[in-house]
4 protein chains.
Amino acid sequence: MPREVRERQMLDAAVAAFARNGYQAASMDDIAEAAGVSKPLVYLYLKSKEELFMACVRREVGALVAAVREGTRERGAAADQQLWNGLTAFFAHTAARPDGVAVLHRARTQGEPFVREIAAMRAELAALVTSLLGQAARDAGCDSAPAEREVSGLAQALVGAAESLAEWANILAKETPSSAPSAQETAATLMNLCWSGLQNRMKGERWLPTLGVH
Amino acid sequence: MPREVRERQMLDAAVAAFARNGYQAASMDDIAEAAGVSKPLVYLYLKSKEELFMACVRREVGALVAAVREGTRERGAAADQQLWNGLTAFFAHTAARPDGVAVLHRARTQGEPFVREIAAMRAELAALVTSLLGQAARDAGCDSAPAEREVSGLAQALVGAAESLAEWANILAKETPSSAPSAQETAATLMNLCWSGLQNRMKGERWLPTLGVH
Amino acid sequence: MPREVRERQMLDAAVAAFARNGYQAASMDDIAEAAGVSKPLVYLYLKSKEELFMACVRREVGALVAAVREGTRERGAAADQQLWNGLTAFFAHTAARPDGVAVLHRARTQGEPFVREIAAMRAELAALVTSLLGQAARDAGCDSAPAEREVSGLAQALVGAAESLAEWANILAKETPSSAPSAQETAATLMNLCWSGLQNRMKGERWLPTLGVH
Amino acid sequence: MPREVRERQMLDAAVAAFARNGYQAASMDDIAEAAGVSKPLVYLYLKSKEELFMACVRREVGALVAAVREGTRERGAAADQQLWNGLTAFFAHTAARPDGVAVLHRARTQGEPFVREIAAMRAELAALVTSLLGQAARDAGCDSAPAEREVSGLAQALVGAAESLAEWANILAKETPSSAPSAQETAATLMNLCWSGLQNRMKGERWLPTLGVH
DNA sequence: GATGAATGAGATTTCATTCAT
DNA sequence: AATGAATGAAATCTCATTCAT
């Protein structure tokens, strides 16, 4: 059996194990057995548990980012449509690969190298959002963009909200598979929450304590 | 030394250890040493690693919820002011007790009992938000409340956004302590992102694909 | 509360614990709690776990031997009647104090000092039997007593049979308390098994391979 | 080194350790060291301390029963000869494998599963004895067999007597190896004690208090 | 006379990792 | 290319025992 195939099997088994049990609790024994190979072979191909986990993380990061990029490909549309497309692609992906998403979630709490990898992914997603927001500002004929840090905060909040909704949708799907929310529905919920605010903010309006939106 | 004091020391040490290393990687040896006691005493007082972790989680859940409740005490104010107060209290607390928040974050991936505890906390916070939204709807003279599931999704997204922002603010604070965003500033960012959308939604307006807000 | 009473409570608790769990598995914590006192007090009175166990053993040995002696007090009777009386007393005692007997049983596998204590008890019981056998030989007008080692072996076998029957009776009593064999019945079973053989042997007859009894 | 061989080494070491120190006091460290392997290997092959002990028990039960069965193979002989053959085989085995017997003895006080295993062994041996008694009754032209419970008690007493004699013989052998009783001699002692009584009982005679044998 | 507080030592068990073939 | 055999290190947890009061 060619190396590539074997390696994919191992990564599949590892992603499932890490998703279910977390980095520490998933054992190399279990992973090797689930992959249908002997433990020394796992070490021959993937070097160590840490590198194996890193390989999983990188694969899943790539798949998620590619899915979102694919969703926002169509360039001519309005900014909100593009954002909605991206979110739909995001939720469709998280619904299709719950284990992959779980691995990314776990990676955020597994020390330096993994945190960096996830941060890079977030930055990439945030950049996508930011460029859409810039387009929205231009569309609205307004260039009083908020300070970089505020944009960064908004993107961070958006990504957090999306992740939280993805987890929530996955839990609902596991509980009652028939009536789980679709990716479109979840994306619409998030658009309802944030698009109006983002648009206002891009137009220079802002919410202030004791005053409300201005 | 009286039992109460020792127990608090242990919980403090445990929260720090769990926050830094996660549930599995934090060892009882380390926790006992950090607390300045022997391992058997930890077991005598807290029964097991799992119960120790649970005690940490419960303490931090209690502290966080109490802080937010305290922030939203003032009853007469407008809904957005109250939400802002609650968010400010939330971010002030997460900034003041980063380890506690980290423990809650870890608990979400540590199996049934902890997941349940966190879910209960989220439900409590979401109920606060929901009641504010109801008030906002009444203030706006409109009672066409969205379906329960959508409200649930909105609250989930809001909590996720808040957690994500809190983490982001804590990272900034660790990198450049001098220029970290204040709790008020972070709360304002989140209000900017979501209040307008929430208000619209409560008035019966909604964002729809290909149409924008209606 | 006077020391004697406290000490008896401790021994009672210890006998129950050792009977149920064995020497190693019974913990001083459990014993102290069952006795309703603090652990240091147990150490103050009984010195150590080993001495506590030894105290239990000695108390139960004394009680068992006293019961059997009491049963064989009546001097004028025939040897078989006296043996039967002794066995009845033995089985009545083991039925009345199952925990005490269990402790003695456990003591046989707990190293030198305890083994010695039990061996001494067996020797005492064997001496009783031996003296009855001597009387039986004289009653039968025959003094060709078997060699000392053979008598020792016979006594050993008798005691082993009695212990085994006692355990068996206790198990039956625990399973179906209503229809448990009485001490008299059990003693009769053992008499049926051994008295005829003992009597023969005292008369100089013996069973030989290929020949049967002669 | 092949797994089978290693596993036998481990069982040998474990039997020796359990025989000497008992289940609780024998440590896995000691067993592994005595077997010449590392602790993890013991766990890899035998799963846990409890399963290791069970494996020892089963092996020794099998060996003992096989030895006794082998001893009573010759079918044509008289009942007493067959019983004597079986007892001789029993005492030869207990003399040859004292540790194995000690393990069986320990197993009787180590909780449910082990007690059950030993009870099954006793039942098997008792069945052998019972069938011989039946043959003896037929040989004596008499079928007034005693009630089942009495037979059960007699068998129990016989097994207890045999075990007790085996232990006694082993102690003598350890003290003065030169003059230890042979298996034949010990078997004869037990036959002298019990055969006459068994035979009488099978003929319908019985010992009764105040009356003697009738 | 009695106890709450505390611990050193050691138990079972698991895991990531490596040879020798 | 692949594996059966093996282990050092460290995890959680328990227990007999002692102070200081």
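Chain naming here is simple, since letters A, B, ... match the order of the sequence lines and numbering starts at 1 in each.
- Side-chain contact between D/Glu167 and D/Val101 is absent, with no heavy atoms from C-beta onward closer than 4.5 Å.
- Atom CG in D/Leu41 sits roughly 14 Å away from atom P in F/dG4 (whole-Å rounding).
- Nucleotide F/dA6 holds its P atom 11 Å from the CD atom of D/Glu7, rounded to whole Å.
- In this structure, A/Ile31 places its CD1 atom 11 Å from P of E/dT17, rounding to the nearest Å.
- Between C/Lys47 and B/Lys47, it is B/Lys47 whose nearest contact on DNA chain F lies nearer the 5' terminus.
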key: side-chain contact (heavy atoms from CB on, under 4.5 Å) assessment of B/Thr109 paired with A/His105   = CA-CA 9 Å; B/Thr109 58; A/His105 192 215; 3.9 Å; yes
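- Phosphate contact (OP1/OP2 of E/dA2, side-chain N/O of C/Tyr43, threshold under 4.0 Å): absent.
- Results of the side chain to side chain contact (heavy atoms under 4.5 Å, CB included) test with B/Val57 over B/Gln110, B/Arg106, B/Glu117, B/Met121 single out B/Glu117 as the only residue that passes.
- Taking a 6.0 Å sphere around CD of C/Glu33, one finds it holds 12 or fewer heavy atoms contributed by other residues, nucleotides or ligands.
- Heavy-atom distances to DNA chain E give each of D/Lys49 and A/Glu50 a nearest nucleotide, and the one nearer the 5′ end belongs to D/Lys49.
- Within the nucleic acid shown, A/Ala32 has no heavy atom closer than 4.0 Å to any nucleic acid atom.
- Remark: D/Arg3 qualifies as a cation-pi partner of D/Tyr45 under the 6.0 Å distance and 45° angle criteria applied to the six-membered ring.
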ask   = Pairing of DNA chain F as dot-bracket, 5' to 3': ( ) intra-strand, [ ] crossing, | other strand, . unpaired, with Watson-Crick or G-U pairs under 3.5 Å?
value = .||||||||||||||||||||
Audit row: A/Met54, A/Arg58, side-chain contact (heavy atoms from CB on, under 4.5 Å) steps and yes/no = CA-CA 6 Å; A/Met54 184 59 98; A/Arg58 283 208 240 263; 3.6 Å; yes
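- The stretch residues 15-36 of chain D participates, sequence neighbours left out, in these ring-ring contact (aromatic ring centres under 6.0 Å, His included) pairs: D/Phe18-D/Tyr23, D/Phe18-D/Phe53, D/Tyr23-D/Phe53.
- When distances run from any side-chain atom of C/Ser27 to the nucleotides F/dA16, F/dA6, E/dT3, the shortest one goes to F/dA16.
- Annotation: of the two residues near DNA chain F, C/Ser48 and B/Asp30, the 5′-most nearest-nucleotide partner is B/Asp30.
- Atom CZ of B/Phe18 is separated from atom C1' of F/dT12 by 12 Å (rounded to the nearest Å).
- Considering only side-chain N and O atoms, B/Arg6 lies under 4.0 angstrom from the phosphate OP1 or OP2 of E/dA6.
- Salt-bridge formation is not detected for the pair B/Glu7/B/Arg59: no Lys NZ or Arg NE/NH1/NH2 atom is positioned less than 4.0 Å from an Asp or Glu carboxylate oxygen.
- The interatomic distance linking D/Met28 (CE) with F/dT7 (C1') rounds to 15 Å, in whole Å.
- E/dT14 atom C1' lies 10 Å from atom NZ of A/Lys39, rounded to whole Å.
- Positionally, the nearest nucleotide of DNA chain E for C/Pro40 lies more toward the 5' end than for the other of C/Pro40 and B/Ser38.
- Neither OP1 nor OP2 of E/dA6 sits under 4.0 Å from any side-chain N or O of B/Arg3.
- In this structure, CD of D/Gln9 is placed 9 Å from P of F/dA6, rounded to the nearest angstrom.
- Atom CD of C/Glu51 is separated from atom C1' of F/dT17 by 14 Å (rounded to the nearest Å).
- Side-chain atoms of D/Asp29 lie closest to E/dT12 of the nucleotides F/dA5, E/dT12, E/dT17.
- Residue-level contact check: C/Ala26 touches the backbone only, with heavy atoms under 4.0 Å from sugar-phosphate atoms and none from bases.
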